[in-house]
Amino acid sequence: MSEQQVPSYCAQCISRCGCLVTVKDGVLTKVQNLAGHPTGDVVCVKGKAAPQIVYHPDRLLMPMQRTQPKGSDNPGWQPISWQQALGTIADKLGQFRSQSGAKSVCWGITTPSATAIADSFIWINRLAHAFGSPNKLFATENCNWHKDFSHAYVFGQGIGMPDYKNTDCILLWGFNPKETWPAHALQVTEAQKRGAKLIVIDPRKAGLAEKSDLWMGITPGTDGALAMALANLLIANKQYDQSFVRRWSNGPLLVRDDNGSLLTAEDLGQCGANDPEQLVAWDERAQAIVLYDVKSCEYQSDSIEDPLFALDDRIELNGISCRPAFSHYRDACQRYTLEYAQSVTGISAEQIEQMASMIGESKAVSYFSWTGTAQHQQATQTTLAIASLYGLTGCLDKRGGNVYFSKPPVNNLMGFSLLSSELRKEALGADKPLGPWKMGWVNSNDLHRSVIHKAPYKTRALIAFGGNPIATKPNEAFVRETLRELEFYVHADLFMNESAKEADIVLPVSSSWERSGLTPGFLVSQQAESLLQLRKPVIEPLGEAKSDTSIVFELAGQLGLGEHFWEGEIDAALEEVLAPTGVSLSELKAQPAGIDLGLKTHYRKYRNQGFNTHSGKLELYSECLLKSGYSPVPQFPEIQAPSDYPLILTSAKFRAHCHSQHKNIGMLNRRADAPLVEISRALAQELSISANQTIIIETPIGRMTAIARLNADLAKNVLCAQYGWQESGKNYNGIIEQTQSDPISGSNRLKSQWCRIRKLETQPG
Ligand SMILES: Nc1nc2c(c(=O)[nH]1)N[C@H]1C(S)=C(S)[C@@H](COP(=O)(O)OP(=O)(O)OC[C@H]3O[C@@H](n4cnc5c(=O)[nH]c(N)nc54)[C@H](O)[C@@H]3O)O[C@H]1N2
Ligand SMILES: Nc1nc2c(c(=O)[nH]1)N[C@H]1C(S)=C(S)[C@@H](COP(=O)(O)OP(=O)(O)OC[C@H]3O[C@@H](n4cnc5c(=O)[nH]c(N)nc54)[C@H](O)[C@@H]3O)O[C@H]1N2
Ligand code: SF4
Ligand SMILES: [Mo]
């Protein structure tokens, strides 16, 4: 008998936990944590369940094609060879490309945060681009867009990572790492042991909220109002970092009253149209303007260490009335009085004041926010409000704040440059001025419009690498209609899911344990970011399963795109990814536990390079949003709940499952075969609902059943249900209205759907 223990990492979710894998006679038997690895302190139950996932009898083991028409009860799957499968796919794609243009083919990608698709993410994007299509169906609008991209309107880049080793006060804002990112949660707990304070903003007192210093039980979807009220208090009490705001934010830059644009030196006749762009601030002490050069990010003044820039007053220059950008932001915040914020968020004025003082009194504040704030109709404005509030603390990229740790320098080979700029502008969704479509990330609403209404053109095929939009995008029926109407749908996966059942061809994908993967940096600390690790396959692929990367490289060859794919040599491609690190693939292969690049953190990099925004400053006022037709400061139009749906339904993730996955895995599904829904004791009492009874949740578009769990801490008008059950009637996203979406990101009310509930008359026995 041969037994091996291989140092590796679990690739099944964003936590990418360092692990030790036991393989006996070629069989994966055990996954345990790998002490000493920067994310190796724990593996979760899904990691431990890896053998059950890998050897599950439902694994797809060979390519199959449909023989019965779509909509039939039984698709009549017939096994086919890889050669037949890839040949058919290449022929069909070639046909669509020549008849309707490559953009008529959309490429689907499951989420890298809850699957191992990160192994292949760049290659799938690259294939779409090399093929000539800008369109990729992805989860970003409900997932990482807000933390990684809408934050950039304020910061010039994403949210960063809390510098847990040095922080004094942590905000977990709509993020529950205890269930969703254990390596992250451990850092929080360590920081708490050191004395850092923890504030959790979550409708549920869940996860680390139990051990927090302050739990803010917010009404779902109202985080923007809380952020604005907190900012209002910090400004009123002068508890914000005034020197940072004056020196490094665009707060002092003057805004024209007539059109909202930033005042330029050219407006004042101080330079010509062809001179480099210069903006204008007002020096209170000198009672004079100071010009700001956008390109160099420098003010033309020596006295800036002693900040004198005006933040408040309206002045008239050259007949143009204007006032500092900061005053616009401050005015927007002033609408959020304690009374108003209390009425909107359901949080007491005392608690809001307490949170503001904790932020104001802490030297180094850090925060992380993810899907709790991102799955709402006003998700973009919400993240702008939170990012702007954070901007006031002056902690961005400061020791103990949210920091951009140094990362292994790898080549980004997603291949956007393979697409012409004209084609990039034809991505579905490009009728909106901004949003994920700019990266070619298409949402299910825009895809539906294209497939069903041919607007602005018809999408004919979808080639999906994992994902289950029927269970994870809003309005199951709407998504099913899209998939069914496609002329050709290919789905590559480990398992047959509800969406894959609509496919014409299904391809078997190997699990992460059967293939290799590269992780350049493990995110949660500088030490973790310094690690470069190549995961090697620990077992042979099951059946005929292939990795997504192999499928991409082989398909590229068949499509005549081999030149963009190193003529099928995956190792050569990986060498190119690694080139800037100076580490070769063979060196990395020889070190299965990874190579520590010993990278060092550089704080406050903006001092040398400015922020990556248009003005080069942290933007509390966004001219970019204004020019695209949106409010330049966070703004929340009041949206009225329909009177017959008085409750608010939110959702959350839990440790044992990722989205629609893992419901079939015995050791991950001990508790229930139906979604659970947390409801408040008060509401349960009013409706005579007891724990474990089945209730019906209704929205304007449908109903689902769920099993009640009573929660004494939940507000009476809030429910939190599990999602990801695929069966109609249990599918949470079957009852979410796709019509109400964020105007910029396209996010949906997956966490703030109006609903009503009742008890199921006849309870299952
Ligand atoms: N076990 C497991 N881990 C996962 C995943 C998984 O499916 N399962 N998925 C991965 C992926 S793709 C992602 S994006 C991450 C996401 O990770 P998280 O963002 O942590 O995921 P959620 O649990 O959906 O949401 C976080 C918290 O937001 C709260 N919440 C709900 N509504 C609101 C609201 O309106 N405001 C506020 N402030 N909070 C609210 C919920 O109660 C929940 O506790 O997790 C990753 N890790
Ligand atoms: N109501 C509600 N809906 C939500 C959310 C929520 O909080 N509430 N969260 C949203 C979020 S954050 C996200 S990211 C989306 C996720 O949405 P999806 O990306 O649709 O995620 P899953 O349901 O996990 O589907 C993953 C599928 O990919 C397969 N898979 C796993 N690993 C691989 C692999 O390596 N290769 C291939 N080819 N396939 C693989 C799995 O077997 C599974 O069938 O869901 C969103 N939907
Ligand atoms: S949290 Fe669990 S599933 Fe995710 S990487 Fe760690 S062990 Fe794997
Ligand atoms: Mo996600």
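Start at 1 and go down the list; that is how both ligands and their atoms are numbered. Just so we're clear, the structure is a prediction, and the values are computed from it rather than from any experiment.
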Trainee: For a distance under 2.8 Å, give residue and atom name for each protein N, O or S atom next to atom 2 (Fe) of ligand 3.
Mentor: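 Counting only protein N, O or S atoms under 2.8 Å from atom 2 (Fe) of ligand 3, the list reads C44 SG.
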Trainee: To which of D58, L494, I124, T180 does the heavy atom nearest atom 30 (N) of ligand 2 belong?
Mentor: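 Of the listed residues, L494 has the closest heavy atom.
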Trainee: Run the numbers for me: atoms of ligand 2, each under 4.0 Å from some heavy atom of Y732, listed by number.
Mentor: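 Counting atoms of ligand 2 from 1, those under 4.0 Å from Y732 are 1 (N).
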Trainee: Could you check whether any heavy atom of C658 sits closer than 4.0 Å to an atom of ligand 2, since that is the contact criterion I want to use?
Mentor: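 Yes, C658 has a heavy atom closer than 4.0 Å to ligand 2.
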Trainee: Looking only at protein heavy atoms, identify the closest one to atom 19 (O) of ligand 2 and say how far it is in Å.
Mentor: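 Protein heavy atom at minimum distance: T110 OG1, 2.7 Å.
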Trainee: Show the atoms of ligand 2 that are less than 4.0 angstrom away from any heavy atom in G466.
Mentor: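 Answer for ligand 2: 28 (O), 37 (C), 38 (N), 39 (N).
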Trainee: With atoms numbered from 1 as shown, which atoms in ligand 2 lie under 4.0 angstrom from a non-hydrogen atom of N142?
Mentor: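 Reading through ligand 2 atom by atom, the close ones are 12 (S).
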Trainee: I want to confirm something. Looking only at heavy atoms, which of Q661, R515, E498 is nearest to atom 35 (O) of ligand 2?
Mentor: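 Comparing heavy atoms across Q661, R515, E498, the nearest one to atom 35 (O) of ligand 2 lies in R515.
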Trainee: Within a distance under 4.0 Å of any heavy atom of A139, pick out the atoms of ligand 2 and give their elements.
Mentor: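 Under 4.0 Å from A139, ligand 2 has these atoms: 13 (C), 14 (S), 15 (C).
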Trainee: Are any of the heavy atoms in Q12 under 4.0 Å away from ligand 2?
Mentor: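 Distance cut 4.0 Å: Q12 fails for ligand 2.
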Trainee: Quick check on A492 - does any of its heavy atoms sit under 4.0 Å from an atom of ligand 2?
Mentor: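 A492 counts as a contact of ligand 2 under the 4.0 Å cut-off.
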Trainee: K473: heavy atom below 4.0 Å from ligand 2, yes or no?
Mentor: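 It does not; every heavy atom stays at 4.0 Å or beyond.
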Trainee: Report the nearest protein non-hydrogen atom to atom 4 (C) of ligand 2: residue, atom name, distance rounded to 0.1 Å.
Mentor: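 Among all protein heavy atoms, the one nearest atom 4 (C) of ligand 2 is Y723 CE1, 3.4 Å.
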Trainee: Short N/O distance, under 3.5 Å, between N468 and ligand 2?
Mentor: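 Checking ligand 2 against N468, an N or O pair does fall under 3.5 Å apart.
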Trainee: Backbone, side chain, both or neither: what part of V509 comes under 4.0 angstrom of ligand 2, heavy atoms only?
Mentor: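 Looking at V509 and ligand 2, just side chain atoms fall under 4.0 Å.
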Trainee: Could you walk me through whether F175 and S369 pass side-chain contact (heavy atoms from CB on, under 4.5 Å), step by step?
Mentor: CA-CA 5 Å; F175 173 50; S369 184; 5.6 Å; no
Trainee: Going by the atom numbers of ligand 3, which of them fall below 4.0 Å from some non-hydrogen atom of R16?
Mentor: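 Going through ligand 3 atom by atom, the ones under 4.0 Å from R16 are 5 (S).
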Trainee: Give the residue and atom name of whichever protein heavy atom lies nearest to atom 41 (C) of ligand 2, and the separation in Å to one decimal.
Mentor: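 Nearest neighbour among protein heavy atoms for atom 41 (C) of ligand 2, to 0.1 Å: D493 OD1, 3.4 Å.
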Trainee: Quick one: do the S499 and N468 side chains pair a donor with an acceptor below 3.5 Å?
Mentor: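 Note: S499 and N468 side chains meet the donor-acceptor criterion.
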Trainee: Please determine if K147 forms a cation-pi arrangement with W370, meaning its NZ or CZ atom is less than 6.0 Å from the six-membered ring centre and no more than 45° off the ring axis.
Mentor: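 Relative to the ring axis of W370, which defines the angle, K147 lies inside both limits.
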Trainee: Counting non-hydrogen protein atoms only, what is the nearest one to atom 45 (O) of ligand 2? Give residue, atom name and distance.
Mentor: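 Closest protein heavy atom to atom 45 (O) of ligand 2: T472 CB, 3.3 Å.
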Trainee: With a cut-off of 4.0 Å, which atoms of ligand 2 are near a heavy atom of N497?
Mentor: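 Ligand 2 atoms under the 4.0 Å threshold to N497: 43 (C), 44 (O).
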Trainee: Should the pair R535 and Y9 be classed as cation-pi, given the thresholds of under 6.0 Å to the six-membered ring centre and 45° from the axis?
Mentor: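 Because its charged atom sits under 6.0 Å from the ring centre and within 45° of the axis, R535 does stack over Y9.
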Trainee: Under 4.0 Å from a heavy atom of F465: which atoms of ligand 2 are those, numbered in the order shown and with their elements?
Mentor: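 It comes down to these atoms of ligand 2: 38 (N).
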Trainee: Which ligand 2 atoms does S651 reach within 4.0 Å, using its non-hydrogen atoms?
Mentor: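 Going through ligand 2 atom by atom, the ones under 4.0 Å from S651 are 1 (N), 2 (C), 6 (C), 7 (O), 8 (N).
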